[in-house]
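Below you'll find the structure, written out as structure tokens, and then a few comments.
We use all heavy atoms of the structure for the numbers below, so side chains are in, but hydrogens, waters and symmetry mates are not.
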Amino acid sequence: MWDTVSLYVKEGYAVPQFHGKWPFSRFLFFQEPASALASFLNGVANLVMLKRYRSSVPASCPMYQTCLNFAMVSINAWFWSTIFHTRDTAITEKMDYFCASAVILHSIYLCCMRTMGLRYPSVASVFGALLVLLFACHVSYLTLGRFDYSYNMLANASFGMVNLVWWLVWCLRRHSHQPYLWKCVLVVVLLQSLALLELLDFPPVLWVLDAHALWHFSTIPLNILFYSFLKDDSLYLLKVNSVQKLD
């Protein structure tokens, strides 16, 4: 691979991709060191913020278990992202892609629970079941036949847009009563915007840092900010419930 790259560069041609991927310099057993490190740090950020959430929010909060489940799904996704960027195989690639889809769909479910599920639990249950069915169909389609990268990208982009619009509409309608909602707005908008880094797709700087790694590094502070929103919102719900009980 590196002989081919050297010939291309020597003759003045652009750096080639191999099987759709840029050439990377390995570090120890890490095939893509920067992306693996960024994925690991995202996982650590989720784990640390989960601990802070659990220490700050009582289990009696109506959104407590849903937020914990979302955190576990997210940590699992970053675990597989780290494994995939460490060692790219057919299995680790699929696990990375499928777990990423699961995070987006669970964020949609989290939004459904927060906006509708607390008042209409049965609606949230039915919607959650539909999301599980959608995820199963998504995984089956990509597993049973040829892995369709274009479809996978389009599907995740569609899931992401639903997630973005739903959270935005809810936050903008309630921001005057809940000032902390700016955190959620910033996170969902930046997550969609930063995904555009993938379109840059430049050859790795020093054969290590590419656009995908930059995208992963950029999401670390967003994870922290989103958990801060979840904590503030959970405490707000507890406050509202306590006032209603007093009334």
Side-chain angles (χ1 to χ4, degrees), residues 41-81 99-136 159-160 162-191 219-247:
L41 292 177
N42 272 283
V44 170
N46 274 267
L47 186 59
V48 169
M49 295 307 294
L50 171 60
K51 287 186 175 182
R52 290 186 181 179
Y53 178 87
R54 295 184 67 181
S55 64
S56 304
V57 179
S60 57
C61 173
M63 286 294 293
Y64 183 85
Q65 193 57 53
T66 306
C67 290
L68 257 59
N69 292 341
F70 173 76
M72 298 309 297
V73 171
S74 298
I75 291 170
N76 178 66
W78 287 116
F79 168 79
W80 281 107
S81 179
C99 291
S101 299
V103 172
I104 305 173
L105 291 175
H106 203 291
S107 180
I108 295 174
Y109 176 71
L110 181 70
C111 185
C112 175
M113 273 296 298
R114 182 59 185 92
T115 58
M116 300 174 61
L118 298 181
R119 289 174 296 166
Y120 311 106
S122 58
V123 173
S125 298
V126 172
F127 185 73
L130 290 176
L131 288 178
V132 170
L133 180 61
L134 174 61
F135 180 68
F159 300 156
V162 171
N163 186 58
L164 168 67
V165 172
W166 198 339
W167 277 116
L168 272 183
V169 170
W170 180 75
C171 288
L172 294 177
R173 289 179 60 185
R174 302 178 63 90
H175 75 281
S176 59
H177 304 290
Q178 298 157 251
Y180 60 85
L181 291 180
W182 68 267
K183 298 177 182 179
C184 182
V185 171
L186 188 61
V187 168
V188 295
V189 170
L190 285 181
L191 274 177
T219 59
I220 297 172
L222 297 185
N223 283 302
I224 297 172
L225 190 60
F226 191 65
Y227 278 96
S228 177
F229 153 71
L230 292 179
K231 183 194 73 171
D232 291 345
D233 192 54
S234 295
L235 294 176
Y236 169 82
L237 283 173
L238 283 173
K239 181 180 178 181
V240 170
N241 287 347
S242 64
V243 171
Q244 290 176 346
K245 287 179 180 179
L246 289 175
D247 292 341

Practice problem: Report the C-alpha distance between Asn76 and Met72 in whole Å, list the side-chain angles of each, state the deciding distance to 0.1 Å, and finish with yes or no for side-chain contact (heavy atoms from CB on, under 4.5 Å). | Solution: CA-CA 6 Å; Asn76 178 66; Met72 298 309 297; over 6 Å; no

Quiz item: Given the rule in the side-chain contact (heavy atoms from CB on, under 4.5 Å) test, do Ser228 and Ile224 qualify, once you have shown the distances and angles that lead to the verdict?
Solution: CA-CA 6 Å; Ser228 177; Ile224 297 172; 5.8 Å; no

Quiz item: Can you list the steps and then say if Leu118 with Met63 is a side-chain contact (heavy atoms from CB on, under 4.5 Å)?
Solution: CA-CA 8 Å; Leu118 298 181; Met63 286 294 293; 4.1 Å; yes

Exercise. For side-chain contact (heavy atoms from CB on, under 4.5 Å), just list the numbers for Phe229 and Val188, CA-CA rounded to whole Å, side-chain angles, deciding distance to a tenth of an Å, and then say yes or no.
Key: CA-CA 12 Å; Phe229 153 71; Val188 295; over 6 Å; no

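Each of Ile220, Leu47, Ile75, Leu222 was scored for a side chain to side chain contact (heavy atoms under 4.5 Å, CB included) with Asn42, with one residue passing: Ile220.
No donor-acceptor contact under 3.5 angstrom links the side chains of Lys231 and Ser56, judged on distance only.
Within the 4.5 Å cutoff, side-chain heavy atoms of Leu237 are placed close to those of Arg114. Using a 4.5 Å heavy-atom cutoff, the side chains of Phe79 and Cys99 are not in contact. Under the 4.5 Å side-chain criterion, counting only non-hydrogen atoms from C-beta, Tyr109 is in contact with Thr66. With contacts defined as side-chain heavy-atom distances shorter than 4.5 Å, the pair Ser234/Tyr53 qualifies. By the 4.5 Å heavy-atom criterion applied to side chains, Phe226 and Leu110 are counted as neighbours. Residues His106 and Val103 fail the side-chain proximity criterion, which asks for heavy atoms closer than 4.5 Å.
Shortest non-hydrogen contact noted between Ser107 and Asn163 is OG-OD1, 2.7 Å. The heavy-atom pair separating Trp166 from Met116 by the smallest distance is CZ2-SD, 3.9 Å. Taking every heavy atom of both residues into account, Tyr64 and Pro58 meet most closely at CD1-O, 3.4 Å. Counting all heavy atoms, side chain and backbone alike, Asn223 lies closest to Ala45 at CB-CB, 4.5 Å.
For the atom pair CG (Leu164) and CH2 (Trp167), the distance works out to 12.0 Å, reported to the nearest 0.5 Å. Going from atom CG of Leu181 over to atom OG of Ser176 covers 9.0 Å, rounded to the nearest 0.5 Å.
A tilted orientation is assigned to the rings of Phe70 and Tyr227, their planes being inclined by 30° to 60°.
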